[in-house]
Amino acid sequence: MTKWWQNAVVYQIYPSSFQDSNGDGLGDLNGITKRLDYLHELGVDILWLSPIYKSPQVDNGYDISDYRAINPDYGSMEDFDTLQKKAHSLGMKIMMDLVVNHTSNQHELFKQSKSSKDNKYRDYYIWRDGKNGHEPNNWESFFTGSAWKYDDVTDQYYLHLFAPEQPDLNWENPAVRHSVYDMMNWWVNRGVDGFRMDVINYISKTEGLPDAPKSFGQKYANPEPLVANGPRIHEFLQEMNNNVLAGKDLVTVGETPAVTTEEALKYANIDGSELDMVFQFEHMGLDNDPITARWTDKKAKLTDIRANFTKWQKQLAGKAWNSLYWNNHDQPRVVSRFGNDKTEEYRVLSAKMLATMLHFQQGTPFIFQGEEIGMTNAYFDKLDDYVDLDSINAYHKIVDEDKQLDGTTMLKYLGMRSRDNARTPMQWDDSDYAGFSTTTTWEKVNPNYKQINVKNALSDENSIFYYYKKLITLRHNEDVITNGAYALVPGNENDENIFAYTRKNEKTTLLILLNYTDMELNHDYKIPKDAEILISNYKDEMRGTLRPYEAKVYKF
Ligand code: ISL
């Protein structure tokens with residue numbers, strides 16, 4: 001039986017950058033409400049709102065100080081109700097971002113916890129004594145520096161896997177877990193339809209919090225092996241499921257760095273015991289460097305992309321459910337990263353080709369705002385233009401502290417991989433501030449907004465927008481996209497330029513042919529005589545040849 005979210009498409013809204021309605025340069029809820037008709041026209045089913053809760057905004061809302069209040073800069077609870085009501089009336093569901101590995105250090109519970117060792121909320125967070133005048137262990141924060149912060153009020157350290165302003169909650173404490181479930185139920189009772197759960201597989205840490213294996217010459221070590229998919233994670237998620245999700249028709253997706261297919265079979269099992277899907281990260285690391293990780297200009301090879309997608313498609317088939325994504329607020333723009341934004345022609349062709357590659361797989365696709373018009377990286381050339389703490393901290397660590405890269409090279413790599421590339425304001429039209437705002441914006445508008453914007457996309461029937469719209473419609477109408485078996489076309493396994501796969505159910509077969517390159521290529525992948533083109537990014541059909549970035553899907 002198909003579940004409603006299995007043939008749905010999710011659209012992620014980054015509230016700060018979607019639409020400003022009150023002229024302060026920052027997006028807001030009324031801005032989103034104003035643009036719901038646009039999203040309805042695109043045809044998406046679920047709107048995932050990045051955090052809209054009260055927050056000091058150290059990490060753009062991923063540091064929450066009150067989970068039952070709206071960030072005043074985004075509007076009020078009433079504005080939220082209006083948004084939700086209108087979305088529902090247009091047939092779109094609301095998915096909330098749930099950030100419960102950590103809170104803000106301004107959260108009332110943390111303030112209490114910090115106040116004394118015997119405060120009744122002390123154990124809501126992870127406090128430890130120092131070791132010989134040092135941090136309790138060698139873990140490095142994902143945003144650089146030690147993952148521990150010393151607090152002189154009680155002469156102890158608290159754990160923060162992310163920024164010091166994001167203390168980790170202690171999930172070992174049942175009272176913490178139940179207060180999270182209560183809060184989730186509070187939102188469910190307000191009418192929300194699901195949750196995207198931030199780093200949810202980090203909530204169970206290895207007992208004893210031991211040191212992590214250190215790379216040569218580094219002061220701190222990556223704690224991921226000791227915090228991701230930890231010992232009690234499945235117990236916690238099953239408990240959450242029992243207390244909140246079971247018996248309700250919600251949709252959930254866990255953000256799970258370092259997740260393997262084996263783990264995903266538990267998290268996203270179709271028995272519904274934990275979550276509905278997870279975001280896997282493996283395909284987001286295919287262009288990483290062994291030493292500098294994300295900070296590189298390496299391009300991912302098609303052979304690696306195909307091997308990874310194929311592994312996830314095959315290993316989850318019939319047992320668990322995949323999420324499908326190229327983009328979100330943490331990743332650079334897909335067309336700049338895996339496609340080609342050097343010319344207008346290639347930008348449009350490669351954006352459509354990459355969309356085709358993803359949207360014909362089995363799973364639930366996620367579109368990040370602006371992806372549907374082929375927004376590109378911002379390529380800021382000054383450190384001053386960057387706003388994201390992750391990007392700024394990484395620059396200082398890699399250039400000033402570790403001296404692994406010089407400043408110019410690191411700026412180039414930030415231009416390619418920084419999270420800010422995703423976070424520039426949505427480009428609605430060619431007026432000042434791209435129709436996003438009427439004043440200087442919190443993060444700079446990408447200068448290419450005069451050409452790349454929604455208004456232009458809507459007036460061009462060959463735009464990327466209408467291509468995405470068609471992909472969404474096809475998913476709604478063609479069962480095989482939801483339930484068909486995935487297979488590589490025999491002989492395609494090692495093809496470095498063409499990706500060829502099929503989806504097949506009892507009635508229908510789809511053949512997806514994709515040219516990952518800017519070259520014209522001949523191929524001998526067989527196409528049955530009676531096959532019809534379901535969608536393509538070129539107007540005319542040429543059999544036996546794939547033009548630059550050509551994507552075509554045959555149905556037979
Ligand atoms: O952003 C990253 C680099 O691509 C990741 O390391 C990221 O920090 C990780 O995927 C977790 O992301 C989530 O939690 C963070 C928040 O900054 C991210 O925006 C969020 O998606 C802490 O809440």
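Just so you know, these numbers use all the heavy atoms, side chains as well, and skip hydrogens, waters and symmetry mates. Please read all numbers here as calculations on a predicted model, not as lab measurements. Each ligand, and each atom within it, is numbered from 1 in the order the structure gives.
Taking the centre and axis of the six-membered ring of Trp127, the NZ or CZ atom of Arg122 falls inside the cone set by 45° and 6.0 Å.
Between Asp330 and Arg423 a salt bridge is recorded (basic side-chain N to carboxylate O distance below 4.0 Å).
The only member of Lys298, Arg337, Lys299 that meets salt bridge (Lys or Arg N to Asp or Glu O under 4.0 Å) when paired with Asp287 is Arg337.
Every side chain to side chain contact (heavy atoms under 4.5 Å, CB included) that Gln280 has, sequence neighbours left out, goes to Val259, Glu282, His283, Asn308, Trp312.
In terms of modelled atom types and a separation under 3.5 Å, the side chain of Asp63 and the main chain of Gln57 share a donor-acceptor contact. Glu371 contributes no side-chain N or O that, together with a main-chain N or O of Arg333, makes up a donor-acceptor pair within less than 3.5 Å.
The residues lining ligand 1, counting any heavy atom closer than 4.0 Å, are Asp59, Tyr62, His102, Phe143, Phe162, Gln166, Arg196, Asp198, Val199, Glu255, Phe281, Arg294, His329, Asp330, Gln331, Arg419, Arg423.
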